[in-house]
Each structure stands twice: as C-alpha cells, then as structure tokens.
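So the structure is just underneath, and the comments pick up after that.
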There are 2 protein chains.
Amino acid sequence: MLERERHSLILKLVEERSIVSVGDLLDLLGASEATIRRDINTLAERGEVKRIRGGAEAVRPRHQPHLVGMPFSLSQDISVPQKRAIARAAAELITAGESIIINGGTTTFALVEFLAEHDLDILTNSFPIAAKLLATSRNRITLPGGTIFREQNIVLSPFDNDTIENFWGNKLFTGCYGLNRFGIMEADPLIVQAQTKLLKRTEDVIVMADSSKLRQKSAMIVTGLERISTIITDDGAKPEELEVFKAAGIKVIVASVTEDDELQKLA
Amino acid sequence: MLERERHSLILKLVEERSIVSVGDLLDLLGASEATIRRDINTLAERGEVKRIRGGAEAVRPRHQPHLVGMPFSLSQDISVPQKRAIARAAAELITAGESIIINGGTTTFALVEFLAEHDLDILTNSFPIAAKLLATSRNRITLPGGTIFREQNIVLSPFDNDTIENFWGNKLFTGCYGLNRFGIMEADPLIVQAQTKLLKRTEDVIVMADSSKLRQKSAMIVTGLERISTIITDDGAKPEELEVFKAAGIKVIVASVTEDDELQKLA
DNA sequence: TCGCATCTGATTGTATATGATCGATTCGTA
DNA sequence: TACGAATCGATCATATACAATCAGATGCGA
C-alpha cells in the first residue's frame with residue numbers, strides 16, 4: 001500500500017470514527033507500527049488530524065461517535081479479496097431467470113461482476129450497482145424511486161407508496177455493518193431505513209459479511225437472526241464465531257479467498 | 001503495446017481507483033518500470049494525473065465515487081451545437097433553490113452541463129442525466145421508481161403508485177420527437193408514457209426543440225399546445241414556423257448558436 | 001532498404017521509506 | 001508513590017522508489 005493510500009485511509013477513518021487507535025490501523029493498513037506512527041505524525045504536522053496517545057483524533061470531534069457507517073468511497077478499498085470471494089459464492093446461489101434484490105454496499109457491489117452472464121430481474125437501491133449492471137450485463141434492472149443520497153450512494157424515498165411495493169424478489173442480498181447473535185447491525189439510520197424496506201420484499205435473506213463484520217458492533221439492529229436464511233463469510237472467520245448462526249438454523253457458507261481474488265486488486 | 005494505449009489505460013485505472021502504484025501497472029501493462037515511470041511523468045506534466053511516490057493519483061478528489069460509463073450513443077451527436085445553445089437558454093430560466101423536472105432525452109441531457117453550479121431539487125427519469133448530475137454537480141437528485149429501459153435510457157414504472165406522486169416541480173424541461181400545431185409528438189409509446197407521468201407533476205412546461213423538430217411529425221400526441229408555456233428552439237427555425245406557437249400564447253425563445261457551441265462537438 | 005529519431009528496458013548510484021530494536025516516557029493501577 | 005504495561009521517539013539496517021544514463025529495439029520517412 002502506498003503512503004498516500006494509507007494517509008487518505010487514515011483520514012477517512014478518523015473522520016468517521018473521530019478516533020482511531022494505532023492498533024486498529026495496524027490491522028487495517030497492514031503496515032508496521034513505526035510506519036503508522038510516522039503517518040499519523042505527518043498528518044498531525046499538516047493539521048489534518050490531532051495526535052493523541054495511542055492513535056489519532058479528528059480535528060473536529062464528532063458528537064456521535066460510531067453512529068455512522070463508512071461512506072461508500074472509503075470502504076470500497078477494504079477487504080477487497082474477501083469481498084470478491086464472498087461475491088463469487090453468492091452468485092452461485094442464483095439461478096437463471098430469478099428475480100433478486102441487491103441492497104447497496106461495497107460487498108454487494110462486488111457481486112455485480114459475477115452477474116454479467118445472467119438473465120435476471122434485479123431490484124437494487126444502489127445507484128453504482130445499477131450503473132455497473134447497466135453497462136456490463138443484460139439483466140433487467142429496477143430502481144426504487146427516491147432521492148439519491150450521495151454519501152451512501154443509495155436511492156431512498158421518504159414516502160411509503162413506493163414503486164418497490166410491486167416487486168417481489170426470490171432472494172435479497174445484503175451486506176451489513178456488523179453481524180452477530182443479535183442479527184444484522186447497521187450504523188447509519190439511512191441504511192437501516194433502506195434495508196428495512198427491502199426486507200419486506202423477499203423471504204430469503206442472504207447476508208454477505210466478511211469475517212471482520214463478525215466482530216463489529218453498532219447501536220442499531222436491522223433484523224434478528226430469525227429473518228436470515230444464509231450467511232456468506234470468508235475463511236478468516238473462526239469456527240466458534242459461526243456456531244451461533246448455525247444454532248439458529250442459518251446456512252453458513254465460508255468462501256475461500258483464491259489467488260485470483262488477491263490479484264483482483266490490480267485488475 | 002503502444003504508448004498511447006498505455007497512457008489511456010493508466011488514465012482509466014487512475015480514474016477507476018483514484019490511486020495506482022507502479023507495481024500494479026507493471027503487472028497490468030507488461031512494460032518495464034522505467035517506461036511506466038516515464039508514462040506517469042508525462043501524464044503528470046500534462047496535468048492528467050498527479051504524481052505521487054510509488055504511483056499516480058487522480059486529479060479529481062477521491063470523494064466522488066466513479067460511475068461506470070453509460071451507453072447513450074443513439075442520437076447523441078445529432079445537432080449538438082443547436083442542442084447546446086438551447087440548453088444554455090433553458091438553464092437561464094432556472095433560479096436557485098428551485099425544484100425542476102427533467103425528462104430524458106439527448107436535448108435535455110445537454111442541459112446538465114449548465115446545472116453544475118446550481119442548487120436545485122431535480123427529478124429526472126433519465127438514468128444518464130442522473131449519473132452525470134451526480135458526478136458533476138451538488139444538486140439533490142430524485143429518481144422515479146421503475147425498470148430501466150435500456151434503449152430509451154429512462155426509468156419507468158408500469159404501476160401507478162409512483163414515488164414521483166410526491167414530487168412537485170416548478171418547471172418541466174422536456175425534449176420531443178416533433179413539435180407542431182397539434183402539440184408535442186413522440187414516436188415511442190414508452191416515452192409517451194414517461195412524459196405523461198411527468199406532465200402531471202408540474203404546471204410550467206418548457207419544450208426544448210431544435211428547429212428540425214418543427215418539421216417532424218409522428219402518430220402520437222403527448223399533449224396539446226395549451227399545456228406548453230415556453231418553447232426554446234434555435235435560430236434555424238423560420239419565423240413563420242413559430243407563429244402558430246406565439247398565437248397560442250406560448251413564449252418562444254430562439255437561442256443563437258455560438259462559436260463555443262460549435263467547438264463543443266470536438267471536445 | 002537504409003538511416004535517423006524515438007522509444008524501451010536494463011543498470012547504476014542516490015534518495016527515501018520501512019520495519020525492527022531499544023531505551024525513555026507516560027499511563028493506569030494498586 | 002511505586003510498579004508494570006503500553007506507547008513513544010530515535011536509531012539503524014534493509015527495502016523500495018527514484019532519476020540519469022546508455023545500449024538495443026522499434027517505428028518512420030526518404
């Protein structure tokens with residue numbers, strides 16, 4: 001990872017969580033402690049973050065720490081190979097001619113790549129997903145009506161008389177902010193709203209969650225485990241972490257990251 | 001691989017990912033490190049990318065996620081200078097903070113260029129218009145729900161309980177297939193349907209029709225002249241062709257094609 | 001086909017970034 | 001206040017990126 005990439009990643013993270021520890025960054029950036037310290041110090045000198053013991057802090061502290069999910073443009077770069085592996089496994093669950101729903105998010109965005117050859121009816125609230133599907137596939141695409149929220153990149157209507165009331169999907173594919181014994185958790189109220197709407201339009205809920213999501217918590221539960229039929233994660237997940245889902249009768253699929261996925265970063 | 005090819009590939013990659021490392025490009029271009037450095041430096045001198053240690057960065061700020069290119073090749077390059085002149089005149093009718101509706105079409109697509117600095121509430125059924133607005137402006141964008149029709153590039157729902165029932169526009173900007181004493185004519189039933197829906201959501205209908213449209217006829221009348229408040233055309237229109245509209249109490253604006261508009265073709 | 005100009009890839013020396021180590025400092029806690 | 005643990009900054013060896021240079025390859029026009 002380039003110095004510049006680390007810097008912008010740190011900046012976004014700091015902006016998002018208002019505070020990040022060196023330890024967090026260690027996992028996330030895959031760089032050494034020394035480098036991360038240097039990065040933080042550089043950014044602090046430029047006045048872009050505030051240096052604090054153990055990490056970095058936003059210059060303008062946020063009132064509600066940890067309540068907002070990462071903006072699309074940032075989380076796009078995180079766990080790319082895992083997301084791709086999960087997306088490939090998810091695509092295998094789809095059969096030709098089906099009608100599916102794709103909730104917006106970077107994990108589900110990775111799914112689009114594997115839908116190029118399909119012949120599907122797809123409903124998605126994600127503008128980028130719709131755009132990519134439009135450009136790279138021949139699937140029929142339906143959008144819900146509403147305003148485009150730039151940060152989250154989703155289309156959402158504040159009203160009830162939604163066009164999607166007339167859509168029914170065999171399967172809903174969704175990512176999440178966190179996934180644990182309480183169910184699907186999200187950090188952004190807007191995303192909760194969007195996801196809740198989609199949940200009503202299907203029975204079969206498939207959650208695509210890379211293993212880091214299993215350790216992530218937040219304040220908002222979108223839905224409990226009873227609503228989930230399948231979970232797809234990557235091989236970074238510990239078996240004991242998955243027990244609770246299996247006990248709840250959920251089908252758990254562990255996708256292996258292939259070499260191709262690793263390389264995909266470059267392509 | 002030719003230098004040109006490498007350059008455009010690098011630009012494309014930088015555009016897509018915001019940052020590319022020399023190492024990435026090494027694998028991808030199959031050229032030597034020295035060549036890649038030279039390429040990056042050349043592009044940096046031209047200001048097309050930013051040189052950073054270890055690679056290249058997009059000039060455009062990172063926040064705007066990149067949208068996949070949209071197919072919209074149809075009649076896009078017909079009468080470009082006229083359309084641009086008309087679009088500029090149309091943009092002058094818009095005041096800040098307004099809420100407007102833009103019907104899909106190549107003439108109205110030209111309008112987007114002139115909305116970059118505005119602060120508007122915009123409803124459009126056109127996917128490309130929404131995409132371009134999203135990428136180039138800070139306006140609030142609303143989409144109607146429905147399926148994306150690829151050929152016409154519009155979003156249209158076959159149902160009545162439409163999200164746009166909750167939208168009201170001060171002005172509707174629309175193109176047309178033909179425009180004459182009968183009113184607005186269209187050739188595609190789908191477009192008629194889309195346009196009809198939008199007509200209900202405003203009082204002030206502004207038709208953008210280059211002069212060739214005044215001689216064009218078709219089988220389907222979308223609405224009569226009484227519904228139209230303003231017509232914008234170009235100076236290719238003969239005065240006598242415009243009489244019938246003026247007689248119907250419609251404001252007619254004739255936009256002059258400037259040199260800049262002519263040149264825009266090439267850009 | 002030849003010769004010139006340009007492009008390309010390898011090499012070199014230098015500058016910079018990185019990661020590991022270690023002693024110093026700070027923090028939490030008793 | 002005293003202790004251990006965590007964090008920090010400094011230092012150094014190594015790894016990586018860089019510009020400059022040159023020889024060979026390639027393209028192009030005469």
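Per chain, numbering begins at 1; letters A, B, ... match sequence-line order.
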- prompt: Between C/dG19, D/dG9, D/dT21, which nucleotide has the shortest distance from any of its atoms to the side chain of A/N41?
  reply: D/dG9

query: Does B/N139 reach the main-chain N or O of B/L115 with its side chain, forming a donor-acceptor pair under 3.5 Å?
result: yes

message: Test your reading of the model: is there a side-chain donor-acceptor pair from A/T136 to the backbone of A/A116, 3.5 Å cut-off?
response: no

field: Protein-to-nucleotide contact annotation, 5' to 3' order, nucleotides 22-30 of chain C [B base; S sugar-phosphate only; - none; under 4.0 Å, heavy atom]
entry: ----BS---

message: Between A/R4 and B/E57, is the salt bridge (Lys or Arg N to Asp or Glu O under 4.0 Å) condition met? List the steps.
response: CA-CA 9 Å; A/R4 193 56 213 273; B/E57 189 188 32; 2.8 Å; yes

task: Indicate yes or no for a side-chain donor-acceptor contact from A/T202 to the backbone of A/L199 under 3.5 Å, with no hydrogens or angles considered.
output: no

- prompt: Starting at CD of A/E5 and ending at P of D/dA17, how long is that distance when rounded to a whole Å?
  reply: 12 Å

query: Rounding to a whole Å, what distance do you find between A/R4:CZ and C/dT16:P?
result: 19 Å

task: Looking only at side-chain atoms of B/R51, point me to the closest of D/dA19, C/dT18, D/dG9.
output: D/dA19

Option from A/L9, A/T35, A/D24 for which side-chain contact (heavy atoms from CB on, under 4.5 Å) with A/L29 holds: A/L9

- request: Take A/S229 and A/D204, measure what side-chain hydrogen bond (donor to acceptor under 3.5 Å, both in side chains) needs, and give me the verdict at the end.
  value: CA-CA 6 Å; A/S229 60; A/D204 204 353; 2.2 Å; yes

message: From NE2 of B/H7 over to C1' of C/dT6, roughly how many Å is that when rounded to an integer?
response: 13 Å

message: Side chain of A/E3 only, heavy atoms from C-beta on: which candidate in C/dT18, C/dG19, D/dG9 is closest?
response: C/dT18

field: Distance in angstrom units between A/I52 CD1 and D/dA6 P, rounded
entry: 18 Å

query: Do A/R88 and A/E92 sit within salt-bridge range, that is, some charged N less than 4.0 Å from a carboxylate O?
result: no

message: Using five pairs at each end of the helix from C/dT1-D/dA30 to C/dA30-D/dT1 to define an axis, what is the angle between those two axes, to 10°?
response: 40°

- line: Assign each of B/A34 and B/L2 the nucleotide of DNA chain D bearing its closest heavy atom; nearer the 5' end lies the nucleotide of B/A34

message: As a test of reading the structure: which of D/dA19, C/dT18, D/dC8 is closest to the side chain of A/T35, going by heavy atoms?
response: C/dT18

- prompt: So, A/D235 side chain and A/S256 main chain: donor-acceptor pair closer than 3.5 Å or not?
  reply: no

query: Judged by atom type as modelled, is there a donor-acceptor pair below 3.5 Å linking the side chain of A/D119 to the main-chain atoms of A/A96?
result: no

- prompt: What is the distance, rounded to the nearest whole Å, between atom CE of A/M1 and atom C1' of C/dA17?
  reply: 15 Å

field: Short side-chain N/O contact to C/dT18 OP1/OP2 from A/R6, under 4.0 Å
entry: yes

- prompt: Rounded to whole angstrom units, what separation is found between the CD1 atom of A/I36 and the P atom of C/dA17?
  reply: 17 Å

For atom CD of B/E33 and atom C1' of D/dA15, their distance in whole Å: 13 Å

Proximal nucleotide (of D/dC8, C/dT8, C/dG19) relative to the B/R38 side chain: C/dT8

task: Report the distance from atom CD1 of B/I40 to atom P of C/dC7, rounded to the nearest whole Å.
output: 17 Å

query: For the side chain of B/R150 and the backbone of A/L134, is there at least one donor-acceptor N/O pair under 3.5 Å apart?
result: yes

